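The figures here come from the full heavy-atom set of this structure, side chains too, leaving out hydrogens, waters and symmetry mates. Model, not experiment: these values are computed from the prediction.
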Amino acid sequence: MADEREKEIEPEGEMLKVMNAMEKGNAKHIRDHARNIVRMRHGVVNYRQISSRIDSMVDYFEKEPEQSKVLSSIPAIVESIDSSLTRGNTKNMLKTMDQIEKQ
């Protein structure tokens with residue numbers, strides 16, 4: 001998802017819209033598209049952070065014995081992460097990750 005977001009920002013996406021707005025001298029559109037770029041960059045960073053945390057959790061679960069308390073709650077964890085991904089709600093996903101790490 002981070003790669004998809006980065007492609008939306010690249011010169012063919014939002015950057016092109018900023019350039020066009022600059023050529024037309026439309027300050028409102030320049031601001032709007034620049035804010036979109038900043039928002040998308042934050043989304044990319046969030047997705048990369050989530051990816052890293054998921055990778056570390058997978059490594060932990062591979063090493064953890066099968067009797068772990070956390071392993072019993074994996075279906076709920078997967079459902080929560082999946083619903084957050086479909087909605088694009090990275091904040092909710094990060095909260096879920098924090099809860100898992102606390103357990």
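Around CZ of R41, the count of heavy atoms belonging to other residues, nucleotides or ligands within 6.0 Å does not exceed 12. Under a cut-off of 6.0 angstrom, the local environment of CE in M40 is crowded, with over 12 non-hydrogen atoms contributed by other residues, nucleotides or ligands.
Here R48 pairs with D3, E6 under the salt bridge (Lys or Arg N to Asp or Glu O under 4.0 Å) rule; sequence neighbours left out. Under the side chain to side chain donor-acceptor pair (under 3.5 Å) criterion, N26 pairs with H29, not counting sequence neighbours. Under the salt bridge (Lys or Arg N to Asp or Glu O under 4.0 Å) criterion, K24 pairs with no residue at all, not counting sequence neighbours.
Looking at every heavy atom in both residues, I30 comes nearest to A21 through CG1-CB, 3.6 Å.
The structure places CZ of R31 at 8.0 Å from NZ of K28, a figure rounded to the nearest 0.5 Å. One distance of note links CG of N20 with CG of L16; it measures 4.5 Å at 0.5 Å rounding.
In the hydrophobic cluster analysis, where Ile, Leu, Val, Met, Phe, Trp and Tyr join through side-chain heavy atoms closer than 4.5 angstrom, I37 is grouped apart from M19.
Exactly one residue among V44, V38, V45 makes a side-chain contact (heavy atoms from CB on, under 4.5 Å) with H42. That residue is V38.
Considering only heavy atoms from C-beta on, H33 comes within 4.5 Å of N36 through its side chain.
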